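Note that the structure is a prediction, hence the values are computed from the model and not measured. Chain naming here is simple, since letters A, B, ... match the order of the sequence lines and numbering starts at 1 in each.
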There are 2 protein chains.
Amino acid sequence: MATLREVAALAGVSTSMVSRVLNDAPDTRATDETRQRIRDAAVQLGYRANFAARALKNSRTHVIGVVLPDLANPIYIDLLDAVEEEAARQGYLTLLARAEGLLTNPDAIPRLVHEGRVDGVIVQASDGLSPDALTSLTGGSTPAVFVNSSHPRESGSVLLDDAAGGRVAAEHLWGLGHRDIAFAGGLPGSENSARRLEGFSAALQGLGGSLPEHRISRRGFAVEQGAAAVADLLAAGIPPTAIAVANVNAAFGVLTELRSRGVAVPDDMSVIAIHEAPGAQHTWPPLTTIEMPLGALGAAAVTALRGLIEAGTVSDTVVSSPAPRLHERESTRPPNPHAPARANV
Amino acid sequence: MATLREVAALAGVSTSMVSRVLNDAPDTRATDETRQRIRDAAVQLGYRANFAARALKNSRTHVIGVVLPDLANPIYIDLLDAVEEEAARQGYLTLLARAEGLLTNPDAIPRLVHEGRVDGVIVQASDGLSPDALTSLTGGSTPAVFVNSSHPRESGSVLLDDAAGGRVAAEHLWGLGHRDIAFAGGLPGSENSARRLEGFSAALQGLGGSLPEHRISRRGFAVEQGAAAVADLLAAGIPPTAIAVANVNAAFGVLTELRSRGVAVPDDMSVIAIHEAPGAQHTWPPLTTIEMPLGALGAAAVTALRGLIEAGTVSDTVVSSPAPRLHERESTRPPNPHAPARANV
DNA sequence: CTGAAAGCGCTTACAG
DNA sequence: CTGAAAGCGCTTACAG
């Protein structure tokens with residue numbers, strides 16, 4: 001691990017010169033010959049600027065922290081992947097921060113910044129967190145961008161176009177001929193879910209249909225919560241012919257619960273989910289999904305965070321491009337008028 | 001962001017004292033009263049030791065890098081999760097490094113260390129990499145622990161007890177009554193797969209069975225490669241009554257391909273896979289898997305890396321506890337003598 | 001029991 | 001065109 005000093009010695013110049021030349025500092029007027037000598041010396045010694053020294057001097061690490069509730073959720077992984085990739089493109093490294101400690105210890109996120117470990121953080125908050133909890137997460141002064149969740153005023157925010165996702169789901173089901181459709185949403189407090197529901201319901205109305213309250217369940221985005229939603233939705237009366245699930249993980253639970261109740265998908269009931277996940281192709285039947293632009297979301301988050309870090313600019317972005325994309329698989333089909341559940345009505 | 005100096009000023013002592021007290025330095029004999037004054041001042045100012053300054057002084061960052069081929073593979077995510085958790089427990093933070101850049105740019109991993117960004121790296125290499133490629137990955141002098149893959153001499157290694165995984169698969173299938181079993185393995189160069197196959201084959205022999213060469217396919221661990229394995233294995237003659245797949249991702253492909261060929265699982269054929277994955281419960285039929293101790297693997301990797309960093313101790317570990325654990329689901333069942341494929345023999 | 005001083009490896013006004 | 005010097009915020013011998 002050669003130092004600047006050693007490079008300078010080898011090149012026969014001052015450390016100042018080496019620093020300037022190697023960093024392409026503006027208005028550095030060094031002879032081409034000098035530049036070359038410096039470059040050669042650096043290469044010869046395998047010189048790498050020490051990160052800590054640089055960070056100390058510049059008060060900037062070029063590292064961003066990514067705070068995720070957990071790694072089990074494929075949605076978060078896609079986000080993490082996109083963030084890491086875009087960060088790398090923009091010259092930043094990615095530090096992984098688990099939310100577990102962060103939720104029990106409200107000081108954890110600010111500390112990352114106060115210790116100078118990261119220049120800022122991108123946080124995907126858990127769905128249930130209150131606005132107050134979110135505010136206390138970053139302690140106000142931390143450069144933070146909240147992704148896909150509600151957020152404090154001082155922080156940036158990057159959101160999916162959830163309503164558009166809901167709309168695509170409604171249009172697909174309607175186009176297939178479904179007229180009695182249910183919606184399995186996130187928890188009552190979830191703004192993501194509320195927006196998806198809104199887009200879904202509005203689209204249905206625009207098409208001449210409607211989404212009555214008893215066709216709505218708000219159990220949450222997790223697998224077991226999807227199962228609970230099925231219980232709600234099939235509780236009494238005529239079952240719907242299709243269920244739109246606000247999250248692909250919940251949809252896994254929906255599929256399993258439906259099967260265990262003897263409801264055949266898609267013969268008796270169609271199922272569509274918002275968000276794509278690797279597992280969706282391997283369920284039985286393979287799940288029709290609406291892929292949301294998580295890659296673009298992650299990239300937008302990185303860009304927003306840089307704006308906050310470098311210019312103090314807080315921005316709120318809705319990522320609407322690329323548009324939500326339908327993956328039509330085998331869990332959706334035109335409604336079957338002879339489906340057992342409806343046949344005996 | 002208060003500095004040591006400010007804390008010292010507020011407490012009315014020297015910065016030396018503050019540093020010593022706050023770090024609980026050995027043989028620091030400060031009055032209890034002084035200690036308290038210092039602590040109070042630190043709290044009052046919200047003091048956090050600057051990470052860069054500390055790293056510069058100590059030549060140690062307490063950050064480890066995790067190098068993963070990609071984030072799409074749930075196995076790697078489990079590993080990442082475990083590493084992050086154990087690292088946190090041991091006082092280390094986790095920097096995520098993508099292998100994409102690392103494979104095209106052989107200098108990338110050593111650079112992380114040479115720049116002083118991380119103290120060492122844990123790398124999960126791609127399955128196909130040659131030993132030479134692995135060696136050049138770390139350039140020899142980088143503290144590195146290779147996980148679940150072959151590795152250069154100077155680096156530590158932490159391996160799963162792959163043979164045990166193969167054995168559990170063989171025993172389960174044999175116990176169910178299967179006598180004609182196939183094995184869908186990783187690529188020919190994969191040491192992981194070779195060990196699983198070895199354990200599998202040896203167990204079968206111990207039980208009085210055998211695994212003839214034509215019942216072995218070596219197409220790889222990926223989904224599509226599992227599909228290719230099915231093609232191999234069903235190519236001609238009597239099909240086996242069960243397939244053990246060396247990797248759960250490939251097993252997804254096996255399931256899909258079997259279905260598309262009209263082979264019913266588990267009626268016509270049983271399928272079992274090594275490694276557990278969230279998706280395995282949601283396939284149809286739900287996939288019987290053998291969960292390998294990835295959590296313990298990740299933790300062992302962190303511990304091995306610390307040994308390398310702090311004591312220069314290179315260690316090779318095989319993680320055999322907890323033992324591979326069978327998740328019996330619906331893709332395995334006793335062989336059906338009337339299965340169509342065999343009935344017409 | 002406590003402090004002054006050097007130094008980790010950089011960057012950047014300032015001076016020439 | 002180039003260098004000497006200060007300083008980023010710590011830690012740790014060394015001295016008293």
Side-chain angles (χ1 to χ4, degrees), chain A residues 1-39 41-42 45-63 91 111-119, chain B residues 1-39 41-42 45-63 91 111-119:
Chain A
M1 306 215 225
T3 65
L4 247 203
R5 212 198 186 81
E6 302 177 74
V7 176
L10 182 58
V13 296
S14 70
T15 56
S16 327
M17 230 31 215
V18 177
S19 173
R20 286 191 277 243
V21 167
L22 258 26
N23 290 316
D24 281 319
D27 50 62
T28 301
R29 285 154 313 180
T31 330
D32 280 355
E33 197 268 324
T34 307
R35 286 178 191 278
Q36 202 49 54
R37 261 210 333 277
I38 291 174
R39 296 230 148 82
L45 296 174
Y47 172 75
R48 300 279 166 214
N50 179 276
F51 161 71
R54 210 172 223 178
L56 178 57
K57 189 67 193 167
N58 298 337
S59 312
R60 191 127 301 176
T61 61
H62 276 233
V63 175
R111 187 160 71 198
L112 283 177
V113 175
H114 287 156
E115 287 180 353
R117 288 184 172 274
V118 302
D119 294 338
Chain B
M1 306 216 226
T3 66
L4 247 204
R5 211 198 187 81
E6 303 178 72
V7 176
L10 182 58
V13 297
S14 69
T15 57
S16 327
M17 228 33 213
V18 177
S19 174
R20 286 192 277 244
V21 167
L22 258 25
N23 291 316
D24 280 319
D27 50 64
T28 301
R29 285 155 312 179
T31 330
D32 280 354
E33 196 269 325
T34 307
R35 286 178 190 279
Q36 202 48 55
R37 258 207 339 273
I38 291 175
R39 296 231 150 83
L45 296 174
Y47 172 75
R48 299 282 166 211
N50 179 276
F51 161 71
R54 209 172 222 177
L56 178 57
K57 188 68 193 166
N58 297 338
S59 312
R60 192 128 297 177
T61 62
H62 276 234
V63 175
R111 187 161 70 198
L112 282 177
V113 175
H114 287 156
E115 288 181 351
R117 288 185 172 273
V118 301
D119 295 338

Ranking Arg20(A) and Leu4(A) by the position along DNA chain C of their nearest nucleotide, the one closer to 5' is Leu4(A)
Testing dG9(C), dG3(D), dT11(D) for proximity to the side chain of Ser14(A), the answer is dG3(D)
Checking dT12(D), dC10(D), dC8(C) against the side chain of Ala53(B) (C-beta onward), the nearest is dC10(D)
Check this for me: does the side-chain of Lys57(B) come within 3.5 Å of the base of dG7(C) through a donor and an acceptor?
yes
inquiry  = Between the base of dG9(D) and the side chain of Arg48(B), is there a donor and acceptor pair under 3.5 angstrom?
reply    = no
Is the backbone N or O of Glu33(A) less than 3.5 Å from a side-chain atom of Gln36(A), with the two atoms forming a donor-acceptor pair by type? no
Per atom distances to the Ala49(A) side chain, the nearest of dC14(D), dG9(D), dC10(C) is dC10(C)
Of the candidates dC10(D), dT2(C), dA4(D), the side chain of Ser16(A) sits closest to dA4(D)
*asked:* Using OP1 and OP2 only, check whether a side-chain N or O of Arg54(A) sits under 4.0 Å from dT11(C).
replied: yes
For DNA chain C, the expected dot-bracket line (Watson-Crick or G-U under 3.5 Å, [ ] crossing, | inter-strand) is |||.||||||||.|||
Considering only heavy side-chain atoms of Ser19(A), the closest of dG9(D), dT12(C), dC1(C) is dT12(C)
*Describe the nucleic acid contact of Thr34(A) in one word from base, sugar-phosphate, nothing, applying a heavy-atom distance below 4.0 Å.*
sugar-phosphate
